[in-house]
Amino acid sequence: MRKRFFRVLKPKIKFEGWEGEVQTLPPPESITLPLSRPGQMPFNPVVDVGDDVKTGQFIAMLPNRTGVHATVTGKVTSIGPGYSWDGQQILTICIQRESDDEFEAPIIMEDLEKAPRDQLIQTLADLGFASPWKPVSLKNKLSETERIPVHTVIIRAVDREPPIAVQRRFLTEFSSDFAESLEGLRKIVGDACLVVVAVPESMAAQVQATLRDVEIFPVGDSTLDTNSTLLIYKITHKFFMAHDNPRREGIAVISAENLAFVARCLHKGKARTNKLVTVSAPDLEKPLTVRVRLGTPVAHVLNTLNVKVASGDRVISGGLLMGMAQPDMNANIVRGVSGITVIPASKVVTFTDAPCINCGRCVSVCPVNIQVNLVGRYSEFGYFEQAVMRGSGSCVECGLCAYVCPSRRPLLQYMRFANFQHGLQLKELQAGEGRG
Amino acid sequence: MERVILSTAMGPHIHDGSRFSRIMNGYILALLPAALWGCIRYGMPGVRTILLSVGSAILWEWMARKLMKRSMTLHDGSAIVHGLLLGMMLPPNSSWWIVITGTFFMIVVGKQFFGGVGCYPLNPVLVGFAILHVSWPSRMCSHFTMANSDLNGLTLEPLEALKSYGPSVTDVYKATDLLQGFQMGGIGTGAVWLLTIGGLYLMARGFAPWRVSVAYLLGVATTAGLFYMIDASQFANPLFHLFAGMTVFGAFFLTTDYTTCPVNSMARMIYGFSAGMLIILIRNLGGYADGTVFAILILNLFHPLIDRIHWPVTGLDARTLKRGN
């Protein structure tokens, strides 16, 4: 990280040196896949412990038939509780690899060009795509179910934060897949739908020439430009807080990586089994992007790349500003994770509960103008309602406030703490009202 | 394989390296030229006062933290900065007990009673100085304490002279002399050009809120200019007000104290501008010769109120406020 002598401007952390070949790693000995997400309905496993599974086999499904597919060939060893990469308890399935890949029979559609829309959607669901293009059913004030169709699709071809460089590769190395998938997407969502592709500024001109029928939205390289919430805000002028779902307003966000698999899976008829991940560690000269199987343990990736991890180091799933440090090396790579960052013990930053000195740097860097100095104090001393009233719910979790704090206060933690505690208080209140 | 125990946390996992103690070091560095100049000009009495002030400030801070059984905060350097600031504001020949009492009220009453840096409502340096100024006015006048000294130039504080003899004294006190620091006053508050260099350094490093200083100087200049335009025979010109007394010292080192100044950009400008305005009002219409200290103290009281002027939080609408209730 470059330090500035003149620290008057907002800090910008840039993407640098991400170019380079994507390396494919050998499959690991065992994989663990999540069968549920926190706060959502769990998948029903359709296999039992001890069953043999093939690569790409359907192993768990939701009622609407999108599901989870095995990513190696082997035996199911356990189905039970585990932890997601952000520390929540979820249901997981573990598969031990026993042989080289044997693939499940592909689902190939005849006549892809002329296939009707419904069939396309169904095939994609069979291949494990959650369908971001489907209308959402909502209960309105009169308790009537309303179907809200998607009117804007935002494709993120930008990465959330350095040094992760995954999404932008689908504009260069895998651009044919990407372009083809966009055509497929257009077919699914219809002509009336607005498709916006958010691309890095440096690539905008190049992309403009190749992609048709879509709007190109150039995005700067700083973390504030690439933050999800802020990106949606800039494109649609609608601000969604952490608990809001953009789908409820008819806005779908798909990452370029997810989208590119549409074309690949439809052509080959195979479910998605892999994922690109950027690994950055002090042992590596520069961040390296590798292709791994979904569910691969972090330990396997790091061992294969000869990255040594000692006690006291941090292994982060995600980037430097917004990532989560993992408690152990068995954390798995799932769809939401596109980076593994290792920080040596000597460079680990610790935060303290020192008092706020009111310098106002957090306020000046906050992209949504939260009074971070006040909200941090409210949260610290337990005034969660006050904190939410002052806008802690608008926090986009960019982490810049804690990054610049000279007192080294854990400001982002305070912000999330206030939101979480306030949510609990509200729930208690509602439960109390229900009883009374 | 050896068991690896990882350190866990949520983001951010990097930091820009800033520290409060580094900011305080910046302040010390910025203050040193003017302090040295004062020491050279006033000789041993000046050196003695500054060293006594810094030393006793450190001692009071250590004792207060020990007695309150709180973590030691000496390493952050704020006690040194506060001691240095008060020492530079005192007249060179101050009695030793004046200095000790001043630092006691500054560190113990003004700062540690409230919990230290980040918690005090009023700038402790100003609290200490104001208590001394109100309690022993005659001992806080530089020309009085230096009556027996042999100094080149005028041995009357320019603002005292203005109060006593009217704006005709501005012909005697030339702006260039004032700028170069040939004026009576506190040990370190006279050398305007050295203070300005220090202040610009702080602003460039981002250690001091530049909006406050700029708005403050603007406030002083505009208000003094208005008075001068109305009646040039009764009020001094703005340049005299800018360079005389503690104006510049206040602009770069007293108003910019983080804890007692607002954090929002607009609020900072309003705060600075009003402080500048108030100084001239006190000087031209009030009873005190130099209103810097009291003007900033009054604005300190208003800073939480001024700080309510800020940009709206994105996405914070009536819905959220309702949920909050």
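Everything numeric in this text was worked out from a predicted model, so none of it was measured. Residue numbering restarts at 1 for every chain, and letters A, B, ... go by the order of the sequence lines.
If you measure heavy-atom distances from A/I370 to chain B, the contacts under 4.5 Å come from both the backbone and the side chain. For a residue to count as touching a neighbouring chain, one of its non-hydrogen atoms must lie under 4.5 Å from one of that chain's; by this rule A/F351 touches chain B with the side chain only. Looking at A/Y233, only its side chain comes within 4.5 Å of chain B, counting heavy atoms on both sides. Residue contact with chain A, scored on non-hydrogen atoms closer than 4.5 Å, involves the backbone and the side chain of B/L6 alike. Proximity to chain B involves both the backbone and the side chain of A/C359, based on heavy atoms less than 4.5 angstrom apart. Using a 4.5 Å cut-off between heavy atoms, A/V363 touches chain B through its side chain atoms alone. Heavy atoms of B/S265 lying under 4.5 Å from chain A are absent altogether. Only the side chain of A/N373 comes within contact range of chain B, with at least one heavy atom under 4.5 Å from a heavy atom of that chain.
Residue B/M266 places its CE atom among 12 or fewer non-hydrogen atoms of other residues, nucleotides or ligands, all under 6.0 Å distant.
In this structure, A/E161 CD and B/I14 CD1 are separated by 8.0 Å, a value rounded to the nearest 0.5 Å. Going from atom CZ of B/R211 over to atom OG of A/S364 covers 8.0 Å, rounded to the nearest 0.5 Å. Here CG of A/L374 is found 7.0 Å from CG of B/D307. Values are rounded to the nearest 0.5 Å.
Between chain A and the options B/I5, B/T260, B/D76, heavy-atom pairs under 4.5 Å are most frequent for B/I5. Most heavy-atom pairs under 4.5 Å with chain B, from the set A/Q413, A/R314, A/Q425, A/R377: that is A/R314. Interface summary for chain B: among A/V348, A/T341, A/V368, the most heavy-atom pairs under 4.5 angstrom belong to A/V368. Options A/G312, A/A325, A/P406 differ in how many heavy-atom pairs under 4.5 Å they form with chain B, and the most are formed by A/P406. Among the candidates A/P355, A/G360, A/G323, the residue making the largest number of heavy-atom pairs closer than 4.5 Å to chain B is A/G323. Counting heavy-atom pairs under 4.5 Å between each of A/G318, A/C405, A/A345, A/C356 and chain B puts A/C405 at the top. When each of A/Q386, A/K238, A/M322, A/R408 is checked for heavy-atom pairs under 4.5 Å with chain B, A/R408 comes out on top.
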Run B/H303 and A/N358 through side chain to side chain contact (heavy atoms under 4.5 Å, CB included) and show every step you take.
CA-CA 11 Å; B/H303 105 255; A/N358 221 29; 3.8 Å; yes
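The nearest pair of heavy atoms linking A/R361 to B/I23 is NH2-CD1, 3.9 Å.
Checked against B/P12 for a side-chain contact (heavy atoms from CB on, under 4.5 Å), the options A/L411, A/L412, A/V404 give a single hit: A/L412.
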Identify each donor-acceptor pair in which a side-chain atom of residues 394-402 of chain A lies under 3.5 Å from a protein atom, sequence neighbours left out, and give them as a table.
| unit_1 | atom_1 | unit_2 | atom_2 | d |
| --- | --- | --- | --- | --- |
| A/S394 | OG | B/T314 | O | 2.7 |
| A/E397 | OE1 | A/R416 | NH1 | 3.3 |

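Not one N or O on the side chain of B/H13 forms a donor-acceptor pair closer than 3.5 Å with the backbone of A/K347.
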